[in-house]
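What follows is a set of notes on a single structure, which appears directly below.
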Number of protein chains: 2
Amino acid sequence: MAMPDPENIFEHHDHRQCRHEAMRQVSDSCARQHLRLTPLRARVLEILLESHRAMGAYEILERLREEGQAGQPPTVYRALEFLVTHGFVHRLERLNAFMACCHVNRGTDKRHEPLFLICNSCRKVAEAPLGVLGRKIDRQAGAMGFVAQSRVVEVLGLCPACRGELENG
Amino acid sequence: MAMPDPENIFEHHDHRQCRHEAMRQVSDSCARQHLRLTPLRARVLEILLESHRAMGAYEILERLREEGQAGQPPTVYRALEFLVTHGFVHRLERLNAFMACCHVNRGTDKRHEPLFLICNSCRKVAEAPLGVLGRKIDRQAGAMGFVAQSRVVEVLGLCPACRGELENG
DNA sequence: TTCCGTATTGTTACTTTATAACATTTAATC
DNA sequence: GATTAAATGTTATAAAGTAACAATACGGAA
């Protein structure tokens with residue numbers, strides 16, 4: 001999956017293409033790390049990639065049930081736990097929801113922690129690189145004697161489209 | 001309430017003193033803004049200040065009930081909504097919990113969004129100023145065409161005490 | 001291959017967190 | 001004091017997440 005144009009991460013693009021490439025990358029990453037991407041785990045990831053937005057666990061569960069797969073909450077939560085632990089899916093704390101990672105580690109198999117942009121108007125979510133901010137946050141924490149292990153950075157506001165609507169209409 | 005020494009925000013201090021000063025500041029701020037700090041709202045804030053840590057809504061509810069006050073979930077959630085809206089209490093997304101603000105707006109009545117340091121070991125939480133990082137995060141979001149309205153920044157890791165224990169014991 | 005131990009999934013039941021909807025009370029303003 | 005809006009009380013339920021144990025599938029050793 002190509003790195004999204006930073007100015008257009010809210011824009012549409014070829015979902016099917018990006019979906020298949022993401023699946024392949026995750027599959028490769030699992031193979032390299034001897035992780036088991038079981039059918040259930042793969043299916044949960046696919047559902048997230050297909051929807052291409054943040055989904056609640058119970059929404060995913062419903063989708064699984066529609067397909068005849070077994071379905072109780074722990075099934076989904078366990079698959080999500082695996083996917084989140086290995087960085088293939090992100091959890092949005094503010095929304096109690098999950099989203100497939102948009103730029104899976106290419107070859108590095110390293111988890112990364114992004115910045116999430118959550119639109120207050122249309123509820124769309126974009127994932128952007130945290131970049132140098134991650135280190136700055138760690139340094140800020142370090143100044144208080146705190147050792148940072150992971151970060152949650154979520155920004156709420158207006159996406160380009162909704163901002164435009166407010167300004168024009 | 002004095003601004004905490006940045007290097008000691010996890011340290012103990014005179015809770016009773018800081019509690020009373022915080023109540024007074026919130027009370028003043030409400031008066032200036034024509035907000036109604038009702039007995040219920042004041043009591044919920046006091047409970048949070050007394051505990052001096054992050055508490056779940058139901059934990060607060062239980063405390064209220066012990067005191068004979070009426071108690072159903074909406075009671076607490078509504079008080080918390082008021083307190084959070086006006087910046088007297090913060091919500092910790094990662095913990096589904098609430099914490100009294102440690103450095104209430106002094107005279108400015110402006111909400112501020114801090115950085116939270118959550119200890120993975122002892123679960124203590126410290127509130128630190130986000131400082132210039134807030135603007136940097138907004139700028140990062142702005143580069144994607146996004147208008148930031150509010151931020152969630154929570155760092156998980158080890159507080160000074162727990163870090164010390166790991167290193168020494 | 002067959003057996004064994006471990007990882008994964010299935011299943012039941014439950015806990016925790018949060019909110020909708022409407023009744024009642026309290027408070028501010030005229 | 002009557003009117004209206006804000007706040008609280010109350011009932012019921014939705015939404016999110018987990019504990020505990022049973023059944024199954026898988027990966028490697030004998």
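Values below: all heavy atoms of this structure, side chains included; hydrogens, waters and symmetry mates excluded. In this text, all values refer to a predicted model and were calculated from it rather than measured experimentally. Letters A, B, ... mirror the listed sequences (proteins, then strands); counts begin at 1.
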>> Run the salt bridge (charged side-chain N to carboxylate O under 4.0 Å, His left out) test on Arg24(A) and Asp28(A) for me, step by step, so that the C-alpha distance in whole Å, both residues' side-chain angles and the decisive distance to 0.1 Å come before the verdict.
In response: CA-CA 6 Å; Arg24(A) 203 177 44 68; Asp28(A) 289 356; 3.4 Å; yes
> In B/S/- notation, 5' to 3', how is nucleotides 16-24 of chain C contacted by protein heavy atoms closer than 4.0 Å?
Replying inline: -BBBBB---
> What's the shortest heavy-atom distance between Leu83(B) and Arg41(B), and which atoms?
Replying inline: CD1-O, 3.8 Å
> In whole angstroms, how far is the P atom of dT15(C) from the CD atom of Glu62(B)?
Replying inline: 14 Å
> What closest approach, in Å, do Leu130(A) and Glu113(A) show between heavy atoms, and which atom pair accounts for it?
Replying inline: CB-O, 3.2 Å
> Between Phe82(B) (CZ) and dA6(D) (P), how many Å, whole number?
Replying inline: 13 Å
> Going by number, which of residues 36-46 of chain B have a non-hydrogen atom under 4.0 Å from DNA chain D?
Replying inline: Arg36(B), Thr38(B), Leu40(B), Arg41(B)
> For the pair made of NE2 in His86(B) and P in dA6(D), what is the distance, rounded to whole Å?
Replying inline: 12 Å
>> In this structure, how many angstroms lie between the P atom of dG17(D) and the CE atom of Met55(A), rounded?
In response: 14 Å
> So which heavy atom on Cys30(A) is nearest to which on Phe88(A), and how close?
Replying inline: SG-CE1, 3.6 Å
Could you list the donor-acceptor pairs under 3.5 angstrom formed by side chains in residues 43-52 of chain A, with sequence neighbours left out?
residue  : atom : partner  : partner atom : Å
Arg43(A) : NE   : Glu67(A) : OE1          : 2.9
Arg43(A) : NE   : Glu67(A) : OE2          : 3.2
Arg43(A) : NH1  : Glu46(A) : OE1          : 2.9
Arg43(A) : NH1  : Glu50(A) : OE2          : 3.4
Arg43(A) : NH2  : Glu67(A) : OE2          : 2.6
Ser51(A) : OG   : Leu48(A) : O            : 3.4
Ser51(A) : OG   : Arg53(A) : N            : 3.3
Ser51(A) : OG   : Arg53(A) : O            : 3.4
His52(A) : NE2  : His13(A) : NE2          : 3.2

> Can you check the Glu81(A) CD to dA16(D) C1' distance for me, whole Å?
Replying inline: 15 Å
> Is it true that a side-chain atom of Ser29(B) and a backbone atom of Gln25(B) form a donor plus acceptor pair closer than 3.5 Å?
Replying inline: no
>> I'd like to know if the side chain of Gln140(B) reaches the main chain of Pro129(A), judged simply by a donor and an acceptor atom lying under 3.5 Å from each other, with no hydrogens or angles considered.
In response: yes
> Which heavy-atom pair separates Cys101(B) from His90(B) by the least distance, and what is that distance?
Replying inline: SG-NE2, 3.3 Å
